[in-house]
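Indexing begins at 1, ligand by ligand and atom by atom, following the structure's order. The analysis underlying the following values was restricted to heavy atoms, covering all of them including side chains, and did not include hydrogens, waters or symmetry mates.
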Amino acid sequence: MDILEIIANDILDGEMDEIADHVQEALDAGIAPKTILDDGMLKGMNVVGEQFKEGELFVPEVLMSAKTMDEGMEVLKPNLQEGDVTKAGTIVMATVKGDLHDIGKKLVCMMLEGAGFEIHDLGVDVTPEAIRDAVKDKNPDIVGMSAMLTTTMLSMQDTVALLKQDDATKDTKIMIGGAPANPDVATEMGANYSADASAAVDLAVSLVKA
Ligand code: B12
């Protein structure tokens, strides 16, 4: 097995204690950092995404893969040149006001990052005003919002309404997710919906292209 395949497998298997050494080994062998990223780490992450979609991998495994990706990136990042990473787009992401659930949102962020998006994660319990201000500040392609409680769907609605009121933010594409969300609610709000993290990547890619 070559070193790139080993790195891809590290991501898939969540080998967070091994990957740093393997990435270093690849760098020492003279492999270009971008090749290590594309043909090693991201290749592994794509398989993680597919297997998660198929129900072959579950949340804890995906979180281990995410942590492994972070460990590998620590070694790789200083070696990557500007322009090595093609940015798929920029996304501001938040769990809305009143809601502290963030496991699903983190998973979505991780998969989007793996697909090349630059993510500004505002955290949990984020007010509509703070989300609007961040959208003004970062001028993202998309704003993503997560809610897990029936009650916090209302904060989501308030946030969408606030974004639509402001000339600077009214045209920013919005995607929402979380247990109480569904396609009908999203359409009613003027937003887009996806059910899970891998579908969120497909949705984000299509929104950026639209
Ligand atoms: C873990 C958990 C907690 C943890 C959260 C820890 C954390 N850091 O996130 C803790 C213990 C803190 C918690 C607290 C509470 N919880 Co809770 N919690 C859960 C639980 C068990 C799992 C949620 C989860 O992480 N799922 C795994 C992730 C991977 O899935 P996911 O979140 O759905 O995310 C996926 C998709 O929804 C989608 N997605 C998510 N966000 C986004 C965003 C975008 C943009 C897109 C595109 C997609 C997307 O992609 C994700 C990945 O595939 C659920 C039950 C359940 N089975 O859902 C209850 C649940 C959500 N909680 C519930 C409740 C009631 C509460 C509390 C009110 C309990 C209490 N009385 O204190 C508090 C509320 C705290 C608050 N203010 O937010 C209820 C909500 C009921 C309702 N209809 O309102 C649930 C449904 C449990 C139940 N059956 O009663 N909870």
Side-chain angles (χ1 to χ4, degrees), residues 12 14 45-70 88-128 130-132 134-135 138 140-164 169 172-210:
L12 187 55
M45 196 48 100
N46 283 338
V47 180
V48 172
E50 277 159 25
Q51 294 196 352
F52 181 59
K53 204 188 289 191
E54 301 298 321
E56 290 166 31
L57 281 183
F58 299 100
V59 174
E61 289 142 325
V62 177
L63 293 175
M64 300 248 298
S65 294
K67 179 88 180 81
T68 308
M69 183 89 190
D70 285 346
T90 305
I91 301 180
V92 163
M93 183 76 79
T95 298
V96 298
K97 183 170 184 287
D99 204 312
L100 302 175
H101 295 84
D102 70 352
I103 298 169
K105 182 204 64 182
K106 278 188 179 156
L107 210 56
V108 172
C109 289
M110 188 277 294
M111 298 287 273
L112 289 167
E113 232 162 8
F117 284 90
E118 180 185 323
I119 306 294
H120 299 278
D121 185 354
L122 308 180
V124 297
D125 192 16
V126 188
T127 62
I131 294 175
R132 179 205 51 205
V135 172
K138 307 285 181 204
D141 299 290
I142 302 169
V143 54
M145 283 181 270
S146 181
M148 288 298 284
L149 302 171
T150 317
T151 48
T152 55
M153 281 300 290
L154 295 171
S155 327
M156 200 178 248
Q157 265 166 10
D158 291 347
T159 311
V160 175
L162 193 66
L163 290 169
K164 302 267 182 211
T169 57
T172 309
K173 289 165 180 146
I174 301 169
M175 64 181 196
I176 66 165
N182 62 52
D184 294 339
V185 175
T187 308
E188 230 168 82
M189 278 186 207
N192 303 274
Y193 167 81
S194 86
D196 60 41
S198 16
V201 172
D202 297 339
L203 175 62
V205 168
S206 71
L207 288 177
V208 168
K209 279 191 191 144

message: Looking at atom 55 (C) of ligand 1, tell me if a protein heavy atom falls under 4.0 Å from it.
response: no
Could you go through residues 94-108 and list every donor-acceptor pair under 3.5 Å that involves a side-chain atom there, pairing it with any protein atom two or more places apart or in another chain?
from   : atom 1 : to     : atom 2 : distance (Å)
Thr95  : OG1    : His101 : O      : 3.0
Asp99  : OD1    : His101 : N      : 3.0
Asp99  : OD1    : His101 : ND1    : 2.8
Asp99  : OD2    : Met148 : N      : 2.7
Asp99  : OD2    : Leu149 : N      : 3.2
Asp99  : OD2    : Thr152 : OG1    : 2.6
Lys105 : NZ     : Asp121 : OD1    : 2.8
Lys105 : NZ     : Asp121 : OD2    : 3.3
Lys105 : NZ     : Gly123 : O      : 3.1

- request: Working to the nearest 0.5 Å, report the span between CG of Leu112 and OG1 of Thr90.
  value: 11.5 Å
query: Should the proximity of Leu203 to ligand 1, defined as any heavy atom under 4.0 Å, be assigned to the side chain, the backbone, both, or neither?
result: neither
query: Within the structure, does Ile176 bring an N/O atom to less than 3.5 angstrom of an N/O atom in ligand 1?
result: no
statement: Taking every heavy atom of Val135 against every heavy atom of Pro140, the minimum-distance pair comes out as O-CD, 3.3 Å
message: For atom 46 (C) of ligand 1, what is the closest protein heavy atom, and at what distance to 0.1 Å?
response: Gly177 CA, 3.6 Å
- prompt: Does some non-hydrogen atom of the protein lie less than 4.0 angstrom from atom 71 (N) of ligand 1?
  reply: no
query: What protein heavy atom is closest to atom 41 (N) of ligand 1, reported as residue, atom name and distance in Å?
result: Ser146 OG, 2.8 Å
task: Under 2.8 Å from atom 17 (Co) of ligand 1, which protein N, O or S atoms are there? Could you list them by chain and number?
output: His101 NE2
task: Answer yes or no for atom 63 (C) of ligand 1: protein heavy atom present at a distance under 4.0 Å?
output: yes
- request: Assess whether atom CD of Glu188 is packed by more than 12 heavy atoms of other residues, nucleotides or ligands within 6.0 Å.
  value: no
task: Indicate yes or no: does an N/O atom of Thr150 lie under 3.5 Å from an N/O atom of ligand 1?
output: yes
Under-4.0 Å heavy-atom contact with ligand 1, by part of Phe58 that carries it: neither
task: Report the part of Val108 in contact with ligand 1, treating N, CA, C, O as backbone and CB onward as side chain, heavy atoms under 4.0 Å; options are side chain, backbone, both, neither.
output: side chain
Minimum non-hydrogen distance to atom 43 (C) of ligand 1, winning option of Lys53, Met110, Met145, Met111: Met145
query: Just by distance, do the side chain of Asn192 and the backbone of Met175 share a donor-acceptor pair under 3.5 Å?
result: no
Under-4.0 Å heavy-atom contact between protein and atom 2 (C) of ligand 1: yes
- request: Assess Phe52 for proximity to ligand 1: is some non-hydrogen atom of it under 4.0 Å away?
  value: yes
field: Polar atom proximity, Ala197 to ligand 1 (N or O, under 3.5 Å)
entry: yes
Of the listed options Ala147, Gly98, Ser194, closest to atom 47 (C) of ligand 1 (non-hydrogen atoms): Ser194
Any non-hydrogen protein atom less than 4.0 Å away from atom 49 (C) of ligand 1: yes
message: Tell me whether ligand 1 is touched by Ala195 - counting only heavy atoms on the residue side and a distance under 4.0 Å.
response: yes
message: Under 4.0 Å and counting heavy atoms only, is there anything from the protein next to atom 90 (O) of ligand 1?
response: no
- prompt: Distance below 4.0 Å between atom 80 (C) of ligand 1 and any protein heavy atom?
  reply: yes
task: Using a distance threshold of 4.0 Å (strictly less than), state whether atom 29 (C) of ligand 1 has a protein heavy-atom neighbour.
output: yes
query: Using a heavy-atom cut-off of under 4.0 Å, does the side chain or the backbone of Leu107 touch ligand 1, or both, or neither?
result: side chain
